[in-house]
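Encoded as structure tokens, the structure appears first; notes follow it.
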Amino acid sequence: MARKSSRANPPTPRSGSGPRDIAAGLAVATAGGVVFAASTGVGLEFAASTDAGLAEAAGAGSRGGAAAWLCALLGYAGFVSGAVALVWTDLRTHTLPNRTVAAVALWTAGALTLASVSLGDWRAVAESWGAAIAAGLVGVLGWRASRGALGGGDVKLLPAAVFAAVWAADTGARALAVALFLLLLATAVGLTGVVARARSRRELPAGPAIVSAALGTVALAPVLAA
């Protein structure tokens, strides 16, 4: 008589094509498209407002403004497209691939840094990088204190998100941009925690919260400058 196997059947892998996944993906993609349009306007406004003074002083004509606009456009295009992919992955698997996070971070920070350098706006470079480094340190502390609730991918994504959020603000409004980012992040994380607790889950998919805070700050950057 054959002995029945005691091993449990392996769980069926989640396909990720259920109604909730599709709705979440569409929502993220729609929000990303809206903010991409807004961020393009921010890059154009940035180039137009700073080029007049800086380029005139340096004798660079309008080339600095055109280069800054192009770099800002590419930087935010890469950030939004990468963020959509990361949010989609985090919602499905509760992980953020290191290679994707690194690519998004390097592309975003590199392109936006070149935009500032093309205009000689070294203050924007210093403040954006300073905020990103500080965010990375805070993220590491939060990761250690959370005892696994905050993933390593979230810690790596945080500096890139802060960089994108702070760079979009004008020179005198970057401190407000940091405060707004933290407010939006706390709100999003709080809502995520409520949902996770309702489903009896310890791990929090913080990627969507980080991305939404960054995109919200970028979209509201013109308001901060008013």
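Values reported hereafter were calculated over all heavy atoms of this structure, with side chains retained and with hydrogens, waters and symmetry mates removed.
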Verdict with supporting geometry, Trp143 and Asp154, side-chain contact (heavy atoms from CB on, under 4.5 Å): CA-CA 9 Å; Trp143 172 71; Asp154 302 321; over 6 Å; no
- prompt: Is there a side-chain contact (heavy atoms from CB on, under 4.5 Å) between Leu74 and Leu114 once you walk through the steps?
  reply: CA-CA 11 Å; Leu74 293 176; Leu114 287 176; over 6 Å; no
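By the side-chain contact (heavy atoms from CB on, under 4.5 Å) test, Thr95 pairs with Thr89, Thr93, sequence neighbours left out. Listed by chain and number, the residues in a side-chain contact (heavy atoms from CB on, under 4.5 Å) with Leu176 are Leu224 (sequence neighbours excluded).
Under a hydrophobic clustering in which Ile, Leu, Val, Met, Phe, Trp and Tyr are joined whenever their side-chain heavy atoms come within less than 4.5 Å, directly or via other members, Val138 and Val162 fall into different clusters. The same ILVMFWY cluster, assembled from side-chain heavy atoms under 4.5 Å apart, contains both Leu184 and Val223. In terms of hydrophobic clustering, with Ile, Leu, Val, Met, Phe, Trp and Tyr side chains grouped at heavy-atom distances under 4.5 Å, Phe163 and Trp122 are assigned to a common cluster.
Taking every heavy atom of both residues into account, Val155 and Gly136 meet most closely at CG1-O, 4.3 Å. When all heavy atoms are compared, the tightest approach of Ala177 to Ala169 is CB-CB, 3.7 Å. Summarising the geometry of Ser118 relative to Ala115, their closest heavy-atom pair is OG-O, 2.7 Å, with the distance given to 0.1 Å. What you find for Asp121 and Arg174 is that their closest heavy atoms are OD2-NH2, 4.2 Å. Between Val125 and Ser116 the shortest heavy-atom distance is CG2-CB, 3.5 Å. Of all heavy-atom pairs spanning Ala68 and Leu119, the tightest one is CB-CD1, 3.6 Å.
Looking at heavy atoms from C-beta onward, Leu86 lies out of side-chain contact with Ile210 at the 4.5 angstrom threshold. A 4.5 Å side-chain heavy-atom check between Trp129 and Thr113 finds at least one atom pair inside the cut-off. Counting heavy atoms from C-beta outward, Pro208 and Leu91 have side chains that approach closer than 4.5 Å.
Within the structure, no pair that satisfies the side-chain hydrogen bond (donor to acceptor under 3.5 Å, both in side chains) test touches residues 100-112, not counting sequence neighbours.
No donor-acceptor distance shorter than 3.5 angstrom exists from the side chain of Tyr76 to the backbone of Leu112, with no hydrogens or angles considered.
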